[in-house]
J.: 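Have a look at this one before I ask anything.
Each chain gets a letter, A, B and so on, in the order the sequences are listed, and its residues count up from 1.
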Amino acid sequence: MTEMEMQRTISVLVKNRPRVLARVAGLFARRGFNIDSLAVSTTESEAISRMTVATTCDLPTLRQIAKQVLKLHDVVRVIDHSESNIVERELCLIKVEVERGQRAELISLCDVFRGDIVDIGNGTVMVQLVGDKDKIDAFVDVMADYEIAEMVRSGKIVLDRGGQG
Amino acid sequence: MSQETVSGAQALLRVFEEENVDVFFGYPGGAVIPIYDALYDAENIRGVLPRHEQGAAHAADAYARVTGKVGVCMATSGPGACNLVTGLATAYMDSVPMVAITGQVKTNLVGMDSFQEADVTGITIPITKHNYLVKEPYQIERFPDLVREAFYLAQNGRPGPVLIDIPFDVSAGPIAWAERNIKALDGYEEPQVPAEADIDRAAELIETSERPVIMIGGGVASSDAHEEIRELAEKCNISVVHTLMAKGCFPETHELSMGMPGMHGMSYASYAIQNADLLIVIGARFDDRITGDLSRFAPDADVIHVDIDPAEIDKVRPASVGIAADAKTATAAINETVGRRERGEWEDHLKQFKTEHALAYSDEDELMAPQFVVEKLYEVTGGEAIITTEVGQNQMWAAQYYPLEEPRRWCSSGGLGTMGYGHPAAVGAQIGRPDDLVVDIAGDGSIQMCMQELTTGVIHNLPYKIIILNNSYLGMVRQWQDMFFNKRYSGVDLHGNPDFVKLAEAHGAVGLRCDERESVVETLEQAMEVEDRPVMVDFIVAKEENVFPMIPAGQSFDEIIECPIGDDTE
Ligand SMILES: Cc1ncc(C[n+]2csc(CCOP(=O)(O)OP(=O)(O)O)c2C)c(N)n1
Ligand SMILES: [Mg+2]
């Protein structure tokens with residue numbers, strides 16, 4: 001398990017300062033760590049931003065990433081989620097081209113995935129879906145039966161469950 | 001009490017004084033004129049003017065290496081700052097504490113492609129420990145603390161260069177002065193204390209090992225842990241190998257010294273590591289020039305790894321005991337805990353191996369061997385010089401044939417391998433240690449990269465010596481072409497080199513030349529007599545001498561090519 005390459009997630013709490021994103025992203029790039037997804041946002045504290053980084057690697061590599069990132073002066077804390085119980089969410093907006101006759105079928109698919117239809121335009125329907133990565137991947141697979149006009153995913157965000165963190 | 005207001009430039013220089021900066025290496029330009037203007041009135045700070053900003057950075061770097069203080073360099077915006085880049089990267093790779101000040105265009109012009117604007121903070125993120133563009137109100141408000149923080153970061157933990165990019169209007173404009181309180185600085189941390197359990201475990205491994213070897217690296221130099229290392233070695237009778245960065249941190253003539261391992265290290269050093277059952281690695285980071293093929297490096301050894309940077313532990317070679325702490329503190333803790341260990345068969349075996357595999361070279365070319373020159377230099381200087389080096393074969397021969405007894409006498413670009421480093425380093429080292437003999441062991445290629453600093457040396461009456469091992473080649477590259485590319489010499493011929501004697505004289509320095517074995521000592525002695533200016537000696541040496549031993553890149557000790565013995569060279 002520890003040696004296995006799989007998608008793992010860390011949260012990087014950073015001081016809210018100019019160029020901090022470039023510092024973190026640049027470190028990943030120059031050390032050859034790939035970023036599968038990245039979400040940056042404000043937090044409960046005004047001075048701190050939170051970056052959620054998903055990366056595919058083995059556990060020793062993840063540990064090395066965490067240690068390297070923590071060396072950056074503007075990084076306050078790195079949380080390694082690989083061994084904790086987490087809530088993971090991602091938001092996806094997907095716009096598909098559907099004939100009028102296909103709409104009912106699409107709506108029932110959305111129901112199964114608990115997706116919401118947020119816009120209907122001429123010939124397109126936009127669906128919003130919230131869930132973990134697997135759920136969204138599965139939905140996107142299903143949507144591939146239609147013509148996907150545009151799609152965007154927010155990148156995953158993660159919090160540890162319960163009183164930890 | 002009403003708050004005192006000073007200019008940004010004055011605040012900067014005041015913090016310099018607090019930090020005991022009595023000299024910095026800087027080159028002016030439009031964006032730093034306010035700082036140079038404040039310098040005009042500063043009584044306790046001297047600005048040394050090199051002839052190229054790269055020289056400023058390397059000089060500050062070597063100043064730091066030989067004094068243990070923070071080295072400071074300065075450059076103007078745009079081109080000036082860009083010229084510091086090589087020097088910053090050099091210091092970063094070798095973890096040298098430095099503060100670099102760069103001027104920047106006015107804050108309202110930043111981001112507008114203004115005249116002499118370069119995104120210096122952007123450019124230097126990967127080669128500094130941290131950097132600042134002093135532009136936001138929250139930074140300007142706490143400017144004195146920001147500068148103190150830069151000095152603190154440069155030295156604290158794993159040292160490294162920190163850059164402050166200061167727009168013209170910030171150094172010229174008003175700043176609220178604030179008193180010093182280091183503990184209140186952003187980023188202040190209490191030193192890491194090694195965990196008792198780890199120290200116990202390390203001591204136990206040492207006591208039970210049969211074939212232990214200590215490997216020391218640059219961290220021992222930067223934490224001044226040489227005495228603790230010696231105590232550990234002597235108490236437990238353990239042989240010590242040093243990386244290029246730790247040269248002099250354990251006396252190389254000590255009977256427990258097993259020299260430098262790695263690509264061009266002594267074969268007995270690599271042999272010791274390769275056959276050890278325990279490696280006690282202190283302040284070293286398993287660089288690929290040391291390990292070669294990692295999967296075959298020290299296959300039987302358990303590893304105790306002490307490094308102040310937690311990210312170094314388990315980065316390359318997993319450790320049985322990882323101790324993220326200062327080398328000096330951690331070694332002292334181990335010394336207190338570990339029991340005495342008697343000298344055993346292993347030590348005797350190593351000692352014998354060492355005599356059987358001593359360094360050797362054949363001096364059979366019509367021209368003298370470069371190693372011969374370094375050996376004579378060692379004799380003439382009694383082994384007491386501060387050595388700076390360029391990069392290439394000259395650097396390896398310096399490491400091999402000039403054993404050092406003391407730390408902070410060695411300035412060489414280990415991590416980056418920067419040609420051109422050695423000469424400005426000699427300038428910085430001589431300014432930092434005016435009473436010591438400073439010698440740059442140079443190649444004919446490298447020396448031409450920062451030649452212009454001869455003027456700096458002449459103006460400041462710096463009596464350092466430059467020993468050019470002139471082989472008319474970019475020798476180290478030629479060696480690789482010789483050994484691995486069928487002798488297809490390409491781009492390495494330096495014919496057309498300038499007349500180095502005349503060049504020295506044109507700068508007002510002393511130039512000497514020597515092309516025969518018999519007059520090497522005499523020429524060196526002549527060089528040593530000069531006390532008021534640099535001396536450059538052009539030693540004409542064998543053109544195609546190679547550096548041995550050699551473990552080809554990516555290979556292991558099994559593939560070592562030993563030193564030639566007697567006649568059987570190529
Ligand atoms: C700035 C820089 N450029 C290129 C190199 C690649 N390089 C490494 S050694 C070497 C040859 C150095 O020649 P010289 O200074 O004459 O030393 P020698 O090896 O002949 O002793 C070169 C070109 C380097 N290390 N640094
Ligand atoms: Mg040469």
J.: Verify the neighbour count for atom CD of Glu150(A): are there more than 12 heavy atoms of other residues, nucleotides or ligands below 6.0 Å?
T.: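 Atom CD in Glu150(A) is not crowded, with 12 or fewer foreign heavy atoms closer than 6.0 Å.
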J.: Does atom CZ of Arg103(A) have more than 12 heavy-atom neighbours, drawn from other residues, nucleotides or ligands, at distances under 6.0 Å?
T.: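 Result for CZ/Arg103(A): enclosed.
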J.: Once you leave out hydrogens and angles, what donor-acceptor pairs under 3.5 Å do chain A and chain B share?
T.:
unit_1	atom_1	unit_2	atom_2	d
Lys15(A)	NZ	Asp186(B)	OD1	3.0
Lys15(A)	NZ	Asp186(B)	OD2	3.3
Arg17(A)	NH1	Asp186(B)	OD2	3.3
Arg17(A)	NH2	Asp186(B)	OD2	2.8
Arg19(A)	NH1	Asp119(B)	OD1	3.4
Arg19(A)	NH1	Asp119(B)	OD2	3.2
Arg19(A)	NH2	Asp119(B)	OD1	2.5
Arg19(A)	NH2	Thr121(B)	OG1	3.3
Arg23(A)	NH1	Asn131(B)	OD1	3.0
Arg23(A)	NH2	Asn131(B)	O	3.0
Arg23(A)	NH2	Asn131(B)	OD1	2.9
Gln64(A)	NE2	Ala311(B)	O	3.0
Lys67(A)	NZ	Pro310(B)	O	2.9
Lys67(A)	NZ	Ile313(B)	O	2.8
Lys71(A)	NZ	Asp309(B)	OD2	2.5
His73(A)	NE2	Glu149(B)	OE2	3.1

